[in-house]
Protein chains: 2
Amino acid sequence: MSITQQEANFSRRFDADIVQNPVFTGVERAILEQRLPPGTRLAETDLAEFYGVSRTIVRTGLQALAHSQLVTLRPNRGASVANPSPREAREVFEARELLEPRSAREAALRANRADVRALRLHAQEEHAAMANNESGRALRLSGRFHVMIAQIANQRTIAEIIENLVSRSSLIIALYWTRSSTRCDEGCHNALIDALERNDAGEAEELMRSHLVELHSALRFEVGPSSNLTLKDMLS
Amino acid sequence: MSITQQEANFSRRFDADIVQNPVFTGVERAILEQRLPPGTRLAETDLAEFYGVSRTIVRTGLQALAHSQLVTLRPNRGASVANPSPREAREVFEARELLEPRSAREAALRANRADVRALRLHAQEEHAAMANNESGRALRLSGRFHVMIAQIANQRTIAEIIENLVSRSSLIIALYWTRSSTRCDEGCHNALIDALERNDAGEAEELMRSHLVELHSALRFEVGPSSNLTLKDMLS
DNA sequence: GCCTGCGCAAATGTATACAACCGTTGACGG
DNA sequence: CCGTCAACGGTTGTATACATTTGCGCAGGC
């Protein structure tokens, strides 16, 4: 196998074709948009019916989600949306605080005009979602923003790790977030884009660090209430 | 769900029951011990026959291995042992250099007598494997040593990330390693244990850093030859 | 009244049958 | 002689049938 082929494989997302598994895609999005709250039972038959596929596909998707730690699988007991403990929540943010500032620094050094434009566009979309009261969508886009920065840094391995941590953060925020608005994000993200545009590595690193610390400090580890919508309601 | 139940789930390995999937276990070990060199084709039927299970189980295991990035799945083309590119190799070691020294520091602060004893025992086993000319086994144990340190640091999230990076390192070493012996490991690992025993955080961090740099610098990115043993030979 | 244990319903776990796809081979035509 | 295309064998992808396990309810006994 040639080097270029290796690169091609590597550039692809690890799951190869999981991305086009409707269960994986749909449930992932629903979790990231907080339509599926932590702890929600994910019965295979229900998902199979909802997406119009066999349980085989459902299982593949659930296993992939379990590997991303968005879903918990217990033998003979089925799947449910992951329910990260306070400890896990803390650790995920600690890991982010370790990895992302350095990633932002590197991104600032490498960011070109196209990168900055893509980020600005993305930030606009995020802003629009917020203005539209689509807070779930806004949250998912906000996470994606962090992933984009990690990708600009051009370290795929670390970017993949960050992608995982970011998606888990959606669950953590669903469980432990106290503030009603994420308005801080807007300013933070824009300031970060500015720093990247100026290729100001030190500033980007520091902005990312403080942004994460702020997010982390807004978590309160108390249990919240649970709703009782049906699975179908939450997916559609 | 109570907090203690959350903790129990969290402490379990992410895959829940994947660990007792014979395909996952067996192929993982064979890869870590370099009996399955990078690029080896992993046909589902062959694995099913070898392990005496159905293709269903084989697929589950292969998917799990793909998530660990030890195996590459290409749609309609099956699985093969991953073949990390030089770029991926470099990135994996960069990530390790970022995470593990800090992990070692934390481990030095937390290591108790039982931890140190377990490490020493493990180092002995590693040494014995080396003396016995079981270089594959020695390599796997050497990786496991790094994972143990990450676990002592008591940051499970980061430890899981490190576990993944370490296992990928086995493939990278198989492809790009130049030195015939890993004798350096012995000394490095023992020195690390000593630092942990003394709770010398700074020394542990520095030892880990230099250990990884040394490993990394021993990689040469040229393509090696491939053997032509049968799949069955390599698994048993 | 509560605890125990049996049995049923419903879910997950596994195997297998069938469908779809890929790579190869061989024949045909240029 | 070489390139192209079609048919075939083999491998993977999906659905479904069957086995196993779990959790609940109900009945019986202590």
Side-chain angles (χ1 to χ4, degrees), chain A residues 1-2 5 8-9 12-27 36 39-67 70-83 230-232 235, chain B residues 1-2 5 8-9 12-27 36 39-67 70-83 228 230-232 234-235:
Chain A
M1 182 180 280
S2 75
Q5 275 177 313
N9 295 345
R12 191 173 331 194
R13 194 164 170 192
F14 62 95
D15 284 275
D17 49 346
I18 270 296
V19 291
Q20 61 189 41
N21 177 318
V23 179
F24 178 83
T25 309
V27 174
L36 282 172
T40 307
R41 193 66 212 297
L42 298 170
E44 295 180 0
T45 311
D46 296 349
L47 290 171
E49 193 179 348
F50 182 81
Y51 289 106
V53 294
S54 76
R55 276 181 51 225
T56 308
I57 308 295
V58 173
R59 295 190 125 247
T60 306
L62 288 175
Q63 279 163 14
L65 289 162
H67 285 287
L70 294 179
V71 154
T72 302
L73 291 179
R74 287 185 304 172
N76 291 313
R77 312 269 214 80
S80 44
V81 178
N83 205 354
T230 74
L231 180 61
K232 194 181 164 193
L235 286 171
Chain B
M1 182 181 280
S2 76
Q5 274 178 312
N9 294 346
R12 189 174 332 192
R13 193 163 170 193
F14 62 96
D15 285 276
D17 46 348
I18 270 296
V19 291
Q20 60 188 42
N21 177 318
V23 180
F24 178 83
T25 310
V27 175
L36 282 172
T40 307
R41 193 66 212 297
L42 298 170
E44 297 181 358
T45 311
D46 294 350
L47 291 170
E49 191 179 350
F50 183 81
Y51 289 107
V53 295
S54 77
R55 276 181 50 224
T56 307
I57 309 295
V58 173
R59 295 190 125 245
T60 306
L62 288 176
Q63 278 162 15
L65 289 162
H67 285 288
L70 294 179
V71 154
T72 300
L73 291 179
R74 286 185 305 171
N76 289 313
R77 313 265 217 82
S80 45
V81 178
N83 205 354
N228 49 3
T230 74
L231 182 60
K232 195 181 164 193
M234 300 190 255
L235 287 170

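Labels below follow one simple rule: chain letters A, B, ... track the order of the sequence lines, proteins then strands, and each chain is numbered from 1.
- Across the protein-nucleic acid pair, B:L62 atom CG and D:dT12 atom P stand 9 Å apart, rounded to whole Å.
- Between the P atom of D:dT14 and the CG atom of A:L47 lies a distance of 16 Å, rounded to the nearest Å.
- Residue A:T45 places no side-chain atom within donor-acceptor reach of the base of C:dA11, judged by atom type and a 3.5 Å distance cut-off alone.
- For the pair B:Q63/B:L73, a side-chain contact is recorded, criterion being any heavy-atom separation below 4.5 Å from C-beta on.
- Atoms CZ (A:R41) and C1' (D:dT22) sit 10 Å apart, rounded to a whole Å.
- Rounded to a whole Å, the CG atom of B:L73 is 16 Å from the P atom of C:dC22.
- The side chain to side chain contact (heavy atoms under 4.5 Å, CB included) test with A:V71 is passed by exactly one of A:L42, A:L36, A:T40: A:L42.
- At whole-Å resolution of the value, CD in B:E44 and P in C:dC21 are 16 Å apart.
- Between D:dA15, D:dT21, C:dC21, one nucleotide has an atom nearer to the side chain of A:N76 than all others, and that is D:dT21.
- Note: B:F24 CZ to B:T60 OG1 = 11.5 Å, rounded to the nearest 0.5 Å.
- Remark: C1' of C:dC18 and CZ of B:R55 are 11 Å apart, rounded to the nearest angstrom.
- Minimum heavy-atom separation, A:G39 to A:S80: O-CB, 3.7 Å.
- D:dA19 atom P lies 16 Å from atom CD1 of B:I57, rounded to whole Å.
- Residue B:T56 has no polar side-chain atom (N or O) positioned under 4.0 Å from OP1 or OP2 of C:dT14.
- With rounding to whole Å, A:Q63 atom CD is found 13 Å from D:dT14 atom P.
- Residue B:R77 is classed as a sugar-phosphate contact, given heavy-atom separations below 4.0 Å to backbone atoms only.
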